[in-house]
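Working notes, structure below.
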Protein chains: 2
Amino acid sequence: MLNAADINFYLSVFRWLDLKDMMDLARLAHTKELKAGEIYIQPGSTSQKLAYIKAGLIRTYSLKENGDEVTLMLRWENQFVASFDSVILAKPSRFIYQALEATTLVEVDYHKAKHIIDRSPELSAASHTFLLHMLGDAMDRLEGFVLLSPEERYLKLVHEKPDINNRVPDKYLATLLGIAPGSLSRIRKRIALQHKR
Amino acid sequence: MLNAADINFYLSVFRWLDLKDMMDLARLAHTKELKAGEIYIQPGSTSQKLAYIKAGLIRTYSLKENGDEVTLMLRWENQFVASFDSVILAKPSRFIYQALEATTLVEVDYHKAKHIIDRSPELSAASHTFLLHMLGDAMDRLEGFVLLSPEERYLKLVHEKPDINNRVPDKYLATLLGIAPGSLSRIRKRIALQHKR
DNA sequence: CCCAAAAATTAACAATGGTTAATTAACGCT
DNA sequence: AGCGTTAATTAACCATTGTTAATTTTTGGG
């Protein structure tokens, strides 16, 4: 069940946890490998998976009526990923979660883990902190849409996550920024020209 | 300190609370009246006020370098309002919170209320639920920016909060939607024309 | 009730983004 | 390495928005 590498992993990520709680959690957790391009969560899914990304990158996207894909979120190594609709709102997921790279997840069922989380002060605090982080990220991104132009949003994104350009196709980045893929090309070109002077 | 109306109010809003917890909270709480136009929270403020809006409407806005005001958030009666930066991130507020109407708040200092919240399972759960709601709102609004056009965002806003048009000046609504005030006028006109046919 | 100030509308123009289609470049698979 | 597929770029054109300034409307105070 647990090999030495796994134990090391749990000890490092949850070192602030009571040992018993950690073992209880570890019993519920398992590792999942996704190939590049593989779908992690299908729309309509209600499973309350909560996953820590050990390595790789997950894209959350939506399908519009006309068939267009719109990227809503990107999550990568050392972040958590969960179906927002299923875990937070307890509804079927409207979105698709796809691994863009070979991805390693450590997954627990939130529904099963909940009673462990609830009885551990540290885990409760951690889940609170997790929510705060999610909220902080969301607010920050909202500010970007209200305060910044598409060009500025793009610059902010590459500043915060420089390797994103090499890991995520432009067409996905574009819709994440709220613009069309062609526009991202133009913005890139505009920036390059300004830089040359 | 507490009059009959106040007691009624606390009993109705926090009826699911342990009586002792409720009394402890009520001791920390006080009512605050704001006139239309009055500033509630100044930028730079670090006070961790957490307020329930009994009546009225609060606008959160930011000042850009060029002096332009950009509205980030609107909160109204029966919602909570708090300085996101101060309470969630424990930083000085970057934003200005202003009452757009005569507004009645019931206010507690989150810093002082925290130990009451922490020792009450009901209050802890409520604060968790509160965060989930904030997160849900933020995600929903993010979806709007990624999936919808400005016109569709405007229609969504008036659909969700029909009286917003009569309570908030257009110039504030415009920046909330991520567009310029002039554009909102045009969008309004376009919609009216389409409707006439 | 009137007047001054603020807000909303409108128009003209510039800048930007959306859309489509064609071309080029990059990628991935065998 | 080569080939077919997918992604990215580019261009042309259209639609929409941003910007500014002038005009009209609305609002609120005296």
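Chain A is the first sequence line, chain B the second, and so forth, proteins listed ahead of strands; every chain is numbered from 1.
Using modelled atom types, one side-chain atom of B/Ser149 and one backbone atom of B/Glu152 make a donor-acceptor pair closer than 3.5 Å.
Across the protein-nucleic acid pair, B/Ile191 atom CD1 and D/dT17 atom P stand 10 Å apart, rounded to whole Å. C/dT9 atom C1' lies 14 Å from atom CD1 of B/Ile187, rounded to whole Å. Protein atom CG of A/Asn66 is 12 Å distant from nucleotide atom C1' of C/dT19, rounded to whole Å. Rounded to an integer number of Å, the gap from CG of A/Leu184 to P of C/dT19 is 15 Å. Atom pair B/Leu148:CG and C/dG17:P shows a separation of 19 Å (rounding to whole Å applied). The CZ atom of A/Arg188 sits 16 Å away from the P atom of D/dA11 (whole-angstrom rounding). Following rounding to the nearest Å, B/Asn166 (CG) and D/dT26 (C1') show an atom-to-atom distance of 13 Å. In this entry the distance linking CZ of A/Phe145 with P of C/dG17 reads 13 Å, nearest Å.
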Produce the list of close N/O pairs, under 3.5 Å, pairing protein atoms with atoms of nucleotides 19-25 of chain D; give distances to one decimal.
none

Taking only N/O atoms, report every protein-nucleotides 26-28 of chain C pair under 3.5 Å with atom names and distance.
none

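By the 6.0 Å and 45° rule, B/Lys49 stacks over the aromatic ring of B/Tyr40. With A/Tyr172 as the aromatic partner, A/Arg59 meets the cation-pi criteria of under 6.0 angstrom to the ring centre and within 45 degrees of the ring axis.
Between C/dA11 and B/Lys189, a contact under 4.0 Å exists linking OP1 or OP2 to a side-chain N or O. Residue B/Arg190 places no side-chain N or O under 4.0 Å from the OP1 or OP2 atom of C/dT10.
The closest side-chain donor-acceptor pair between B/Glu33 and B/Thr104 falls under 3.5 angstrom.
Using a 30° and 60° split on the angle between ring planes, A/Phe145 and B/Phe145 fall in the parallel class, below 30°.
Listed by chain and residue number, nothing satisfies the salt bridge (Lys or Arg N to Asp or Glu O under 4.0 Å) test with A/Glu107 (two or more places apart in sequence, or in another chain).
Looking at B/Glu143 and A/Arg94, a side-chain N of the basic residue comes within less than 4.0 Å of a carboxylate O on the acidic one, giving a salt bridge. Between B/Asp24 and B/Lys20 a salt bridge is recorded (basic side-chain N to carboxylate O distance below 4.0 Å).
Comparing D/dT17, C/dT9, C/dG18 by their closest approach to the side chain of A/Ile179 singles out C/dG18.
Aromatic pair B/Phe130/B/Phe80: ring centres closer than 6.0 Å.
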